[in-house]
Structures are given as structure tokens and as C-alpha cells.
Protein chains: 2
Amino acid sequence: MLGELPSAISGQRVADELRRLILEGEFKPGQRLGQEMLADRFNASRMPVREALRQLEAEGLVSIVPHSGTWVAKLDAFEFDQTYKMREVVEPLAVRESIPNLSDAQIDRLGELVEEIDATAGPHRDVEGFLRLDREFHLLTYAGVRHQPLLDLVLRQWNTTQHYRRLLVHRQSVEDVVATNLDHALILDGIRRRDPESAAAMVHLHIRRTRNTLVDPTDDTFV
Amino acid sequence: MLGELPSAISGQRVADELRRLILEGEFKPGQRLGQEMLADRFNASRMPVREALRQLEAEGLVSIVPHSGTWVAKLDAFEFDQTYKMREVVEPLAVRESIPNLSDAQIDRLGELVEEIDATAGPHRDVEGFLRLDREFHLLTYAGVRHQPLLDLVLRQWNTTQHYRRLLVHRQSVEDVVATNLDHALILDGIRRRDPESAAAMVHLHIRRTRNTLVDPTDDTFV
DNA sequence: CTGGAACCTATTGGATCCAATCTTGAATCT
DNA sequence: AGATTCAAGATTGGATCCAATAGGTTCCAG
């Protein structure tokens with residue numbers, strides 16, 4: 001549902017492009033999204049724009065106020081924390097379901113990604129590279145999930161928190177990145193051994209650790 | 001988001017009414033939902049109908065095929081099983097988050113519901129009553145959840161499986177109902193003691209047991 | 001000068017019209 | 001007889017037009 005259809009209708013295309021622009025930061029949280037402006041930008045009429053906004057609202061990326069307008073969704077610290085708590089239970093399930101269906105080639109690629117992530121922690125940190133590779137690593141571990149709604153949910157949660165991960169990863173130390181990637185290696189180990197419970201436990205721990213690292217309860221500078 | 005807005009716009013109204021009709025079984029899984037027909041039925045134009053269908057698709061209640069039409073969603077045994085596995089991890093989280101915010105009055109009402117459910121297992125079983133009360137009981141245990149997306153997810157999963165619960169509860173024995181309600185009593189006990197972990201563990205067990213009762217792997221008469 | 005109310009404008013929501021696509025049925029060919 | 005192709009009808013998707021609502025501005029009164 002969040003994936004692209006082969007011959008997508010126009011509303012779908014607009015939704016996909018707009019989603020990409022939001023995730024890349026072209027449209028920032030809190031920014032207003034006028035229908036006319038969007039229709040103009042995407043060379044479409046207001047109709048597919050309206051459908052796209054509906055869809056992105058369902059995905060949690062924008063919020064619509066009737067008769068008023070649409071804005072790129074904002075998260076506060078509470079929602080961020082809660083989303084991570086959801087991730088802590090949902091993503092372990094996702095690896096459990098995924099592991100039996102992962103190909104050896106996919107697992108090899110996971111190994112490469114761990115090494116590439118290590119490289120981003122080098123002398124001059126590559127934060128954007130880390131974000132991209134981290135996302136690719138985790139989503140690839142879920143590539144074996146056959147139940148689309150579960151995959152959609154995972155994707156949704158990654159998307160709605162994307163902005164804030166970027167913001168907070170920038171504040172992380174190099175040690176944090178290395179520690180994070182140690183988790184990745186352990187998750188990968190569980191996957192290589194095709195041990196769903198072990199991998200799931202590691203994913204849970206990883207997300208919990210990340211949440212604690214990112215959301216410092218004494219830090220009210222968030223958002 | 002799945003709840004009703006006070007002064008909803010027309011598309012929202014249509015979505016709410018259509019959702020109710022689907023859940024009550026007026027529209028059955030697999031049935032086609034023509035836009036013209038719906039617009040006629042709800043005294044609206046096709047435009048709000050289209051928005052409503054989009055929304056219900058996001059909720060998983062209907063599925064839209066571009067340029068072809070919309071049908072009430074069907075679940076197969078696999079999807080049913082997978083949804084229950086999601087419920088097994090999501091709803092324990094929901095009670096954990098809910099318990100601190102439940103009022104004493106709400107907890108008292110839960111006690112009443114357990115008794116009312118017992119009554120449905122009497123000499124002439126009241127299956128529809130059971131379905132209604134069971135739903136009310138569980139959703140009330142989640143009434144303290146402050147994070148709307150979590151509540152929405154729970155509601156969504158209840159809604160998409162509603163039809164199949166009805167179908168399968170009809171096949172259950174009286175003993176099954178009594179056993180189910182014993183679980184309810186244990187969940188309620190955890191809530192009364194304001195013990196999130198205990199309640200969460202019971203919810204997990206309850207859903208797991210229900211899944212095993214409902215989905216007999218050797219039974220291919222499902223759907 | 002400040003608070004409030006009425007008006008005006010910009011933007012969204014809904015209705016209608018037109019175009020594009022899919023489904024269907026029948027006719028034809030193998 | 002069965003499968004395939006083609007065409008007609010029906011239905012959805014998109015564009016445009018109109019109505020309703022919200023927010024801002026201005027004007028008036030206290």
C-alpha cells in the first residue's frame with residue numbers, strides 16, 4: 001500500500017513525490033501545503049492533490065484541518081517516545097516473520113551495510129549517509145515479511161519519525177554510532193543463524209537503546 | 001482519527017456510515033461498492049464517496065482497484081493469522097499504556113461487562129451480544145491510551161477482523177466462551193491492581209489462545 | 001487607544017462534466 | 001467447441017466550476 005503500483009494513477013504519483021519531498025526535508029514539519037501550490041508544482045489538478053493529501057494523512061505524514069488547510073506533520077517528544085514504544089513491539093515481530101523468507105543474497109547485503117555504516121563513523125562523520133544506510137539495513141531485515149499491513153506499519157513509523165531521527169542523529173557522538181552498529185552486527189548474527197527469537201530480542205534491545213539515547217528526558221529542546 | 005469529529009465534513013460522515021454498515025454486515029466481504037450506488041444511498045455526490053473510500057482503504061476495510069472498482073475487503077486465513085500476531089504484540093502495549101490513565105468508574109464498568117459476558121453463555125447463547133460486549137470490554141481496557149495512532153491501530157485491527165470473529169465465534173462452544181471470559185477476569189484483575197506487566201501478559205495470552213481456538217490449521221473451510 | 005464585530009478575501013469542500021480505462025458480451029477464427 | 005479479438009457499455013479518474021468556511025482586515029464604538 002505504501003509501495004508503488006506498477007501503473008499508478010495520478011493521485012498515487014503525487015502522493016509518492018510529495019512523500020519523497022517531505023522525507024528529504026524539502027517540505028519541513030509545520031509547513032503549510034496549499035492544494036493550489038502542490039497542484040502547480042506537480043503539474044496536476046487539485047483533485048489528485050486532494051487524494052494524495054488524504055493518503056499521506058493516513059500515513060501520518062501530514063495533518064489536515066477541515067476548511068483550513070494541510071500541514072506537514074509535527075511530532076512532539078511524547079509522540080516520538082510513543083512511536084518508539086510501538087516500534088519496540090512491532091519490529092521484533094517483523095524480523096521474526098521475515099527471517100524464514102530472507103534470501104542468502106539479502107543477508108550478504110546486510111553484511112555489506114554493516115561495514116558501510118562503520119565507515120560513516122570515520123574521521124569526518126557522514127550523518128546523511130548513516131541515516132540512509134541505517135534505514136536500508138533495518139528495512140532490508142524486514143524484506144521477508146509477507147503480510148503487507150505489517151510492512152506498511154513499519155514503514156509508516158520509520159517515515160513519521162524520519163525528520164526527528166535526522167535531527168537527533170546529528171547530536172549523537174561517534175561512540176553512539178559505533179554502539180548502534182554493534183547492535184546491527186548482533187541482529188545480523190541472529191539472522192545469519194536463522195534464529196528468529198534471538199534476532200527479535202536484539203531488535204527490541206536496539207530500538208529501546210536508541211530511544212533512550214535519542215530522547216533524553218531532561219532535554220526539552222526537542223522540537 | 002478513526003473517531004468521529006464533532007462537526008465532520010461530508011466525506012467523513014460518509015466514511016463513518018459506510019464503516020458502520022460494513023461492520024454490521026450490511027455490506028459483506030467481497031461485495032462491490034459502486035461509487036454511484038453509495039452516493040445515492042448516502043445522499044451525497046460521488047466526490048465525498050471517493051474520499052470516504054480512500055479513507056476506508058487506509059483503514060483496511062475496503063480495497064480499491066484503480067479504474068475498476070472498490071470491494072469490501074476479504075481476509076484469508078493467512079492474513080487473519082498475521083493480524084492476530086500483530087494484535088499479540090500491540091494490544092499488550094496498549095494496556096500497559098492505558099492502565100495508569102483508567103478511571104475507577106471505567107474499571108467498574110469492566111467488571112460489569114465480565115458479568116454480562118458470562119450471561120451470554122447461558123442456556124440460549126447470544127452470539128451477537130457476546131461480540132458486542134467482548135469488543136466493548138477490550139476497547140474499554142484501552143481507553144486510557146493517550147497516543148492516538150496506537151489506539152487507531154488497535155481499532156483498525158479489530159475492525160478488519162470483525163466479520164471473521166463473528167463467523168468463527170458462531171462455531172465456538174459454550175465452554176470456549178466461558179474460558180474466554182476467565183481470561184477477561186484475569187486481565188481485569190491485573191488492571192484493578194494497576195499492574196501493567198501482569199495485565200499485558202494476560203492480554204498476550206488471551207489473544208494467543210483466541211487465535212489458536214479460532215484458527216484451526218487443519219480447517220480450510222475458512223472464508 | 002483598545003476591543004469587538006462585520007466584512008472581505010483566500011482557500012478548501014462539493015457538484016458536475018468530460019476523458020480514460022476496464023469489463024462484458026458477442027462474433028469470428030482456429 | 002473453445003479461445004481470442006473487437007467493440008459497446010459502464011464505471012472510475014481528472015478537470016472545472018460553484019459554494020461554504022476560516023482567517024485577516026477594517027471600521028466603529030466604548
Side-chain angles (χ1 to χ4, degrees), chain A residues 1-19 21-22 26-74, chain B residues 1-19 21-22 26-74:
Chain A
M1 203 181 293
L2 295 178
E4 296 71 21
L5 293 172
S7 168
I9 61 181
S10 179
Q12 194 68 40
R13 177 183 66 84
V14 173
D16 290 338
E17 296 190 22
L18 180 53
R19 185 189 306 111
L21 289 178
I22 291 175
E26 175 94 17
F27 293 114
K28 299 192 188 341
Q31 181 171 348
R32 187 199 175 86
L33 299 173
Q35 296 182 357
E36 198 85 37
M37 179 270 285
L38 294 174
D40 187 36
R41 198 183 216 284
F42 295 122
N43 285 98
S45 83
R46 271 180 51 218
M47 177 81 30
V49 169
R50 281 158 69 173
E51 299 211 345
L53 292 178
R54 280 269 166 191
Q55 182 171 344
L56 294 194
E57 188 196 28
E59 295 177 17
L61 282 178
V62 307
S63 66
I64 302 177
V65 177
H67 283 291
S68 178
T70 301
W71 288 263
V72 179
K74 262 190 203 174
Chain B
M1 201 181 293
L2 295 178
E4 297 70 20
L5 294 173
S7 168
I9 59 182
S10 179
Q12 193 67 42
R13 177 183 67 83
V14 173
D16 291 337
E17 296 189 22
L18 180 54
R19 186 189 305 112
L21 289 178
I22 291 175
E26 174 93 19
F27 293 114
K28 299 194 186 342
Q31 180 171 349
R32 187 199 177 88
L33 299 173
Q35 296 181 356
E36 199 85 37
M37 179 270 286
L38 295 174
D40 188 35
R41 199 182 216 284
F42 295 121
N43 284 100
S45 84
R46 272 180 51 217
M47 178 80 30
V49 168
R50 280 158 69 171
E51 300 210 346
L53 291 178
R54 282 273 167 191
Q55 182 171 342
L56 294 193
E57 187 195 29
E59 295 176 17
L61 281 178
V62 308
S63 67
I64 302 177
V65 177
H67 285 290
S68 176
T70 302
W71 289 263
V72 179
K74 262 190 202 172

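Proteins get letters first, then strands, A, B, ... in listed order; numbering begins at 1 in each.
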*Counterpart residues, salt bridge (Lys or Arg N to Asp or Glu O under 4.0 Å), relative to B/Arg32 (two or more places apart)*: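 B/Arg32 satisfies salt bridge (Lys or Arg N to Asp or Glu O under 4.0 Å) with no other residue.
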
Rounded to the nearest 0.5 angstrom, the CD1-CG distance for B/Ile64 and B/Leu56 is 8.5 Å

### Message
Could you measure the distance from the OG1 atom of A/Thr70 to the CG atom of A/Leu38? Nearest 0.5 Å is fine.
### Response
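A/Thr70 OG1 to A/Leu38 CG: 8.0 Å, rounded to 0.5 Å.
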
Handout entry: Salt-bridge criterion met for A/Arg19 and A/Asp16 (N-O under 4.0 Å)
Key = yes

Between A/Glu17 and A/Arg41, is there a side-chain heavy-atom distance shorter than 4.5 Å?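 No - every pair of side-chain heavy atoms lies 4.5 Å or more apart.
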
Atom CG of A/Asp40 and atom P of C/dT11 are separated, to the nearest Å, by 13 Å

Per-nucleotide protein contact along nucleotides 13-18 of chain C, 5' to 3', at a 4.0 Å heavy-atom cut-off (B base, S sugar-phosphate only, - neither), is BBBB--

